[in-house]
Engineer: 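First, the structure itself, so that you have it in front of you.
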Amino acid sequence: MPQLANRLERLGTETAFSVAQAAASWKAKGNTVYPFHLGDINIPTAPHIVEAMNQAIADGYTGYCPGPGIPQLREALAEDIGSRRGLNYTADNVVVMTGGKPVITKFLQTVMNPGQEVLYPNPGFPIYESQIEYLGGTAVPYGYLPTESGFAIDIEKIRASITEKTVAIIYNDLQNPISAESTDEEREAVAQLAQEHNLWVLSDEAYFETRYEGSSKSIAALPGMAERTVILYTFSKKFAMTGSRLGCAVAPLEIANVMSKLNTNDESCTTHYVQWAGIAALRGPQEPVQEMLETLKERRDVACEILNAIPGFSVAVPQSTFYLFPDVTEAMERKGFTAVGDFATAALEATGVSFCTREHFGRRLPDEDRQYIRLAYSGIETDAIREGLGRLREWIEEAA
């Protein structure tokens, strides 16, 4: 048989889906599962957005459309994203895509040559590392330091990792999986390094508006950063449109033009009628967004209260995203586990609680000595959170 391409050996995946398979298998045996593993949203897309999509289909918007997106959506995105970040964008800066993931790939295709290096957060969204390596680059991780309020980027690690081969840094403020949020000083430090070393920046802002207190800021709004920063935007989180696959890149014109060409080569265009739903989401009533945030905040508060009451668990209360990343080092010791994967499997079988571990979000860094798990509360009701985490607490409290 003909051989497959060598680069497939470098292709990773979103490993949370492997946890989903294990949970589904356990459930198929008649067991109750509390699904904290996958960051999907079990809140329906708002009716006015669905109606706009259906109306667009009825109106015949089912064929091809411009590769970078329909003008009406690009204009709405430029206005909304720019106004919320204190920036002036035009439709020409916006390239509509099928969700946020393609922005990662097309950014790397645009700015990185094989053999060049890209800095990325670890723990972090696993597709960063996967795509850097798949496209022939060298993925250089930077880590985080525990703080009283969560985690802080190891700025000195970034500084020490930059070489003459470094061309870009992926920066995920309001971070998945650890919910870390940069201080102004940290954001400015990243921006300063990008400018000192002439780096492109991919600012993953998928959770920019999924927050419960405070206000979000974009690194692109700092002086000298808009011309070197690509913003990743997605409708998935804010508007509960994960399955609609709609997002965009907001980029300097030089990069936006290349991404538009890549769209034409890869998928021709983003689904036409879904883009009209995006316009309705941006221009229409925003009450469903606030209602969803209130629901997620309630889930966050309940989950954090119970987790921090479990012996050997410790987690800060994040102001954004819908993830929790508790330190479970002492809990694992209490139960006699040294491998966090074994701990997760045992927890599923003993309590039905399904969650990801730190290992699902990048290769463990050499200096890491603590154990963490990740729980997403976006796809599980409050009562189920109480019940599932209550069972987890009882299990941890039992003697090993």
Engineer: Could you give the side-chain donor-acceptor pairs of residues 251-261 under 3.5 Å, partners two or more places apart or in another chain?
Structural biologist:
from: Asn257; atom 1: ND2; to: Leu253; atom 2: O; distance (Å): 3.2
from: Ser260; atom 1: OG; to: Ala256; atom 2: O; distance (Å): 3.0

Engineer: If only side-chain N and O atoms count, and only distance matters, is there a donor-acceptor pair under 3.5 Å linking Thr270 with Gln275?
Structural biologist: no

Engineer: Run the numbers on Glu397 and Arg334 for salt bridge (Lys or Arg N to Asp or Glu O under 4.0 Å), then give the verdict.
Structural biologist: CA-CA 9 Å; Glu397 288 175 341; Arg334 181 186 180 96; over 6 Å; no

Engineer: Just checking Tyr61 against His272, ring centres under 6.0 Å apart?
Structural biologist: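 Yes; His272 has its ring centre under 6.0 Å from that of Tyr61.
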
Engineer: Using only heavy-atom distances, determine whether the side chains of Glu294 and Tyr212 contain a donor-acceptor pair under 3.5 Å.
Structural biologist: no

Engineer: Quick one: does any side-chain atom of Thr45 pair with a main-chain N or O of Ala240 as donor and acceptor, under 3.5 Å?
Structural biologist: yes

Engineer: Please evaluate residues Ile132 and Ile170 with respect to the criterion side-chain contact (heavy atoms from CB on, under 4.5 Å), reporting the C-alpha separation (whole Å), side-chain torsions for both, the decisive distance (0.1 Å), and the verdict.
Structural biologist: CA-CA 10 Å; Ile132 294 167; Ile170 297 175; 4.2 Å; yes

Engineer: Any side chain to side chain donor-acceptor pair (under 3.5 Å) involving residues 19-32? Give me the pairs, sequence neighbours left out, ordered by first then second residue.
Structural biologist: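 Every candidate side chain to side chain donor-acceptor pair (under 3.5 Å) pair involving residues 19-32 fails, so no pair, neighbours aside, qualifies.
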
Engineer: Are Glu398 and Arg393 close enough, and set up right, to give a salt bridge (Lys or Arg N to Asp or Glu O under 4.0 Å), and what steps lead you there?
Structural biologist: CA-CA 9 Å; Glu398 294 174 357; Arg393 178 180 179 177; over 6 Å; no

Engineer: Can a donor-acceptor pair be found between the side chains of Tyr171 and Ser182 at a distance below 3.5 Å?
Structural biologist: yes

Engineer: Could you pull out the closest heavy-atom pair between Lys237 and Gly39, with the gap in Å?
Structural biologist: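 Reported closest heavy-atom pair: NZ-O, 4.2 Å.
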
Engineer: Keeping Glu14 on the side-chain end and Phe125 on the backbone end, is there a donor-acceptor pair under 3.5 Å?
Structural biologist: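 Judged by distance alone, no pair lies under 3.5 Å.
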
Engineer: Could you tell me if the side chain of Val118 sits less than 4.5 Å from the side chain of Val140, heavy atoms only?
Structural biologist: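 Sidechains of Val118 and Val140: no contact.
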
Engineer: When you look at Glu305 and Arg299, which way does the salt bridge (Lys or Arg N to Asp or Glu O under 4.0 Å) test go after all the steps?
Structural biologist: CA-CA 10 Å; Glu305 181 180 1; Arg299 296 178 184 180; over 6 Å; no

Engineer: Nearest 0.5 Å please: distance from the CZ atom of Arg283 over to the CD1 atom of Ile49.
Structural biologist: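 Going from CZ on Arg283 over to CD1 on Ile49, the span is 14.0 Å.
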
Engineer: Salt bridge check, Glu133 against Arg7: does any charged N sit closer than 4.0 Å to a carboxylate O?
Structural biologist: no

Engineer: Is the side chain of Gln286 donor-acceptor paired with the backbone N or O of Ala281 at a distance under 3.5 Å, no angle test?
Structural biologist: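 Yes, Gln286 side chain to Ala281 backbone: donor-acceptor pair under 3.5 Å.
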
Engineer: Would you compute the distance between atom OG1 of Thr329 and atom OH of Tyr372 and round it to the nearest 0.5 angstrom?
Structural biologist: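 Output value for this atom pair is 6.5 Å.
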
Engineer: CD of Gln72: more than 12 outside heavy atoms within 6.0 angstrom?
Structural biologist: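 Yes, enclosed.
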
Engineer: Does a side-chain N-to-carboxylate-O contact under 4.0 Å join Arg391 and Glu394?
Structural biologist: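 Here Arg391 does not pair with Glu394 in a salt bridge, since their nearest N and O are not under 4.0 Å apart.
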
Engineer: Are Glu205 and Arg211 ion-paired here, with the side-chain N under 4.0 Å from a carboxylate O?
Structural biologist: no

Engineer: For the atom pair OH (Tyr128) and CG (Leu119), what is the distance rounded to the nearest 0.5 Å?
Structural biologist: 13.5 Å

Engineer: Using modelled atom types and a 3.5 Å cut-off, is there a donor and acceptor pairing between side-chain atoms of Thr166 and backbone atoms of Thr163?
Structural biologist: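 Flag set: sc Thr166 to bb Thr163 pair under 3.5 Å.
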
Engineer: Between the side chain of Asp204 and the main-chain N/O of Ile231, is any donor-acceptor distance below 3.5 Å?
Structural biologist: no

Engineer: Taking the cut-offs as 6.0 angstrom to the six-membered ring centre and 45 degrees off its axis, would you call Arg85 and Phe208 a cation-pi pair?
Structural biologist: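 The answer is yes; both the distance and angle limits are met.
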
Engineer: Checking side-chain contact (heavy atoms from CB on, under 4.5 Å) for the pair Leu246/Thr98: CA distance, chi angles, key distance, verdict?
Structural biologist: CA-CA 5 Å; Leu246 185 62; Thr98 55; over 6 Å; no

Engineer: Classify the angle between the aromatic ring planes of Phe337 and Phe343 as parallel (below 30°), tilted (30 to 60°) or perpendicular (above 60°).
Structural biologist: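 Rings of Phe337 and Phe343: perpendicular, over 60°.
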
Engineer: Do we see a donor-acceptor contact under 3.5 Å between the side chains of Ser314 and Asp327?
Structural biologist: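 On atom types as modelled, these side chains do not qualify, holding no pair under 3.5 Å.
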
Engineer: Distance alone, cut at 3.5 Å: any donor-acceptor contact between the side chains of Thr138 and Glu117?
Structural biologist: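 Absent: no donor and acceptor within the cut-off.
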
Engineer: According to the interplanar angle, ranging from 0 to 90°, do the rings of Phe235 and Tyr233 count as parallel (below 30°), tilted (30 to 60°) or perpendicular (above 60°)?
Structural biologist: perpendicular

Engineer: Any side-chain donor paired with an acceptor under 3.5 Å for Tyr323 and Tyr207?
Structural biologist: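 Yes, a side-chain donor-acceptor pair sits under 3.5 Å.
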
Engineer: Output the distance between atom CG (Asn54) and atom CD (Glu51), rounded to the nearest 0.5 Å.
Structural biologist: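 That separation rounds to 8.0 Å.
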
Engineer: Do Arg187 and Glu181 sit within salt-bridge range, that is, some charged N less than 4.0 Å from a carboxylate O?
Structural biologist: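 Looking at Glu181 together with Arg187, the answer is no, because their closest N to O distance does not fall below 4.0 Å.
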
Engineer: For a quick check under 3.5 Å, do Gln192 and Glu196 share a side-chain donor-acceptor pair by atom type?
Structural biologist: yes

Engineer: Does Tyr273 offer a backbone N or O that forms a donor-acceptor pair with the side chain of Thr271 under 3.5 Å?
Structural biologist: no

Engineer: Say whether, by atom type as modelled, one donor and one acceptor occur between the side chain of Arg10 and the main chain of Leu135 under 3.5 angstrom.
Structural biologist: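 No, because the side chain of Arg10 does not come within donor-acceptor range (under 3.5 Å) of the backbone of Leu135.
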
Engineer: Can you tell me how far apart OH (Tyr377) and CD1 (Ile41) are? Round to the nearest 0.5 Å.
Structural biologist: 11.0 Å

